[in-house]
Amino acid sequence: MRWSQSLIPTLKESPADAVASSHILLQRSGMIRQLGAGAYTYLPLGFRALQKAVAIIREEMDAAGAIELLMPAVQPVELWQESGRYHAMGGILMELRLGGDKHAVLGPTHEEVVTDIARDLIKSYRQLPIVLYQIQTKFRDEPRPRFGILRTREFLMKDAYSFGTDLEQLNRAYDAMFEAYCRIFDRCGLPYVVVEAESGPIGGDSSHEFMVPCDIGEDAVIQCAACGYAANRERAEVGTEPSPIPPPDPSAPAPTAVETPNRRTIDELCQFLQVRPEETAKLLVFLADGQPVAVLVRGDHEANEAKVRRMLGATILEPADAETIERVAGAPMGFLGPVGIRIPLVVDRAVARVPRLVVGGNALDVHLTGVIPGRDFPIDRLADLRNAEPGDPCPRCGSPLAVRQGIEIGHVFKLGTKYSCAMGAEFLDEHGQAHPMIMGCYGIGVNRILAAAVETGHDKDGIVWPLSLAPYEVVLVPLQVHNEAVLDLTATLERHLTAAGHDVLVDDRDLRPGVKFKDADLIGIPLRVVLSERGLKEGTIELKWRNESAPRTVAAEEAVAAVLGELKSAHEAHRSRCEQRRHARAAAQSG
RNA sequence: CGGGGCGUAGCUCAGCCUGGCUAGAGCGCCAGCUUUGGGAGCUGGAUGUCGGAGGUUCGAAUCCUCUCGCCCCGACCA
């Protein structure tokens, strides 16, 4: 491709409203252009990079035995009412009014449609297991699109759905998808980590997220440097402290009630009473399947609703409203405490280790100081009920945990029979008995692969694409576009490289060398080949990889072989890195 | 949805507080000359419903009201 014939509008200055480096660089390099909040055009260069990611995903999904199809984005609203998600999706579902009184939704995901296909077209255990996938545009009315292409209202997703007769088939499909995801992200050159994820009410430890650690990531990843434990913050367990909980001091004075007028938050309370947040505890009231429950966590900690829900064995857990709280606790929010509370009380383990607590007094404008866990309120229902914090002990090895931001690029999930039961997707077994299919779902955010690649691959001059995602592998830069020798060799190189199956961009613009170098760096093409009058006089051309600081010269006569050789060895090196990682995974599995 | 910020040329911004020349600069774009290995110089040129509507005023980019859009923080996030 000739640069002058494409549309590559590079910018010298950063767009004013971009904050994330991927957003800035993708715009500056002329790869994307914003149309509205969370809506971006992929210009020719950006589209090529996106298609590179798509091709890698497709190859690995096919290799893993998944079958590609394409489902519609416009979906009948009735399908969503049937699964019960019409309301459960909240505000992110985009609705359309069609002719007459017909309504449709734009698919934010495709469990409903694919389950509808399965129930109509799959009837026998002989057709199972099967994994269906598509690469298709999803629509979600995100309350807050952010960071360029990281969170948008319209995005490209690879979504796969597995159907099986039993748990074993589900587990096999899950493992196959998990491995395919590792290969995909290895091939994309992304520094990802796999973390245990919160899987909602359905399955235990049956969900993993693929995260790329990076500062603008919207998810918090908990990691243990010592043993490699990694989990989403929503999911991460907090290890137990090695020392036993000290018994209450029998000689300590009884709790003291203190006036705390209008001090409702932990901050206000700590300032007023001159105590630290870790010496306080806050009482939260939830409705567990409709029944009020009190949860006590330390003032500086955050309650984790999923952990509370699991501990109580509840299906639905929601924060109680202000009226319910006053009714069951006898005090308004901000003054609740565990002493004398009349609803079931569960306590986070960290609370029990605080010798003397400040808690709410269950009366307006009153708190209690000198409250002793186990003496002044029961601690027989202790559990891990909070979000992990940096420094907390690892649940596996006890070393201190660290927290990092991460971009979620993939998610694998065991669904079970949620949709097959709700929508009647059943198969007949060899005895003619009907059973619901066991499902799994597996998603990759394709646009996020690009965002993550740029976030983790750039320098002060611009993007540094991995070879596998770069819109072009090579950029040929003839410095004098009117010199015949320079032009001839450029054309020869372009012809041979293209014939060998490489993507070549030729910067044929009649511009000063500095501009061409700056632009080549900005758009991040991995291999740059400079052809100049000066060089050709000496019989040389220049090669430079984007991540190298200085170019090297090569004899002009050997230009074609040299460039082909560079590309070949780079591809081979990348392949062997991917292979090594694959072997390491296999060894870890069998070991 | 709550809080904050911003809308002036393709991009970055000045002008607004304190209303008044023909609405400006740099980059980019077009033409010409010079230049040609890390975002060149000079000369000439094109490009604006000053986000939109209403109001105040002799007069509004500037003041007031409403409204739309965008960004950031938070809430939310199958």
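Excluded from the calculations below are hydrogen atoms, water molecules and symmetry mates; all remaining heavy atoms, backbone and side chain alike, are included. Nothing here was measured: the structure is a model prediction, and the numbers come from that model. Each chain gets a letter, A, B and so on, in the order its sequence line appears, and its residues count up from 1.
In summary, of the residues considered (His411(A), Lys414(A), Arg235(A)), a side chain to side chain donor-acceptor pair (under 3.5 Å) with Ser207(A) occurs for His411(A) alone. With Leu450(A) as reference, Leu50(A) is the one residue of Leu156(A), Leu50(A), Ile463(A) to meet the side-chain contact (heavy atoms from CB on, under 4.5 Å) rule.
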Does Arg552(A) form a salt bridge (charged side-chain N to carboxylate O under 4.0 Å, His left out) with Glu566(A)? I'd like the steps, not just the answer.
CA-CA 12 Å; Arg552(A) 54 201 126 123; Glu566(A) 285 288 326; 2.7 Å; yes
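Using a 4.0 Å heavy-atom criterion, one finds that Pro143(A) contacts the bases of the nucleic acid, with or without backbone contacts as well. Using a 4.0 Å heavy-atom cutoff across all strands shown, Arg146(A) reaches at least one base atom of the nucleic acid. When heavy atoms are screened at a 4.0 angstrom cut-off, Pro9(A) is found touching no nucleic acid atom at all. Within 4.0 Å (heavy atoms only), Phe147(A) reaches sugar-phosphate atoms of the nucleic acid but no base atom. The residue Glu142(A) sits apart from the nucleic acid: no heavy atom pair falls under 4.0 Å. In this structure, Gly91(A) reaches neither bases nor backbone, as no heavy-atom distance under 4.0 Å exists between it and the strands shown. Among the heavy atoms of the strands lying under 4.0 Å from Asp521(A) is at least one base atom, whether or not backbone atoms are also near.
Distance Lys516(A) NZ to G37(B) P: 12 Å, rounded to the nearest Å. We find that CD1 of Ile92(A) is positioned 16 Å from P of C1(B), with the value rounded to whole Å. Atom NZ of Lys537(A) is separated from atom P of U36(B) by 12 Å (rounded to the nearest Å). Rounded to whole Å, atom P of G38(B) lies 17 Å from atom CZ of Arg546(A). Between the CG atom of Asp510(A) and the P atom of A40(B) there is a distance of 13 Å, given to the nearest Å. U36(B) atom C1' lies 11 Å from atom CZ of Phe517(A), rounded to whole Å. Rounding to whole angstrom units, CZ of residue Arg151(A) and P of C70(B) are separated by 17 Å.
For the C1' atoms, the distance from U62(B) to A23(B) is 12 Å, rounded to whole Å. Of the P atoms belonging to C11(B) and C58(B), the separation is 38 Å, rounded to the nearest Å. A gap of 39 Å separates the P atoms of G5(B) and G39(B), to the nearest Å. Look at the C1' atom in both G28(B) and U49(B): the space between them is 23 Å, to the nearest Å.
Comparing U36(B), C72(B), G39(B) by their nearest atom to the side chain of Val19(A) picks out C72(B). When distances are taken from the side chain of Arg144(A) to each of A75(B), C71(B), G37(B), the shortest belongs to A75(B). Listed nucleotides C11(B), G37(B), G39(B) differ in distance to Pro513(A); the shortest reach to its side chain belongs to G37(B). For Leu11(A), the side-chain atoms get nearest to C11(B) when compared with the rest of C11(B), G28(B), C71(B). You'll find that the side chain of Val515(A) is closest to A40(B), out of A40(B), C11(B), C72(B). Of the candidates G39(B), C71(B), G37(B), the closest approach to any side-chain atom of Gln34(A) belongs to C71(B). You'll find that the side chain of Arg512(A) is closest to U36(B), out of G39(B), U36(B), C77(B).
Between Phe185(A) and Tyr181(A), the two ring planes are perpendicular [angle over 60°; tilted spans 30° to 60°]. Note: Phe178(A) and His208(A) have perpendicular aromatic rings, judged against thresholds of 30 and 60 degrees for the angle between ring planes.
Legend: residues meeting ring-ring contact (aromatic ring centres under 6.0 Å, His included) with His23(A), ordered by chain and number and at least two apart, are Tyr40(A).
Nearest-nucleotide mapping onto RNA chain B: of Ala20(A) and Arg33(A), the residue sitting toward the 5' end is Arg33(A). Comparing Leu511(A) and Thr109(A) by the nucleotide of RNA chain B whose heavy atom lies nearest to each, the residue mapping closer to the 5' end is Leu511(A).
Side-chain atoms of Glu13(A) come within donor-acceptor range of the base of G26(B), with a qualifying N/O pair under 3.5 Å. Donor-acceptor pairing under 3.5 Å, judged by distance alone, is present between the side chain of Arg528(A) and the base of G38(B).
Scanning all heavy atoms of the two residues, the minimum distance from Arg28(A) to Pro15(A) falls at CG-CD, 4.0 Å.
Under the Watson-Crick or G-U wobble criterion, with both distances below 3.5 Å, C21(B) is left unpaired in every strand shown.
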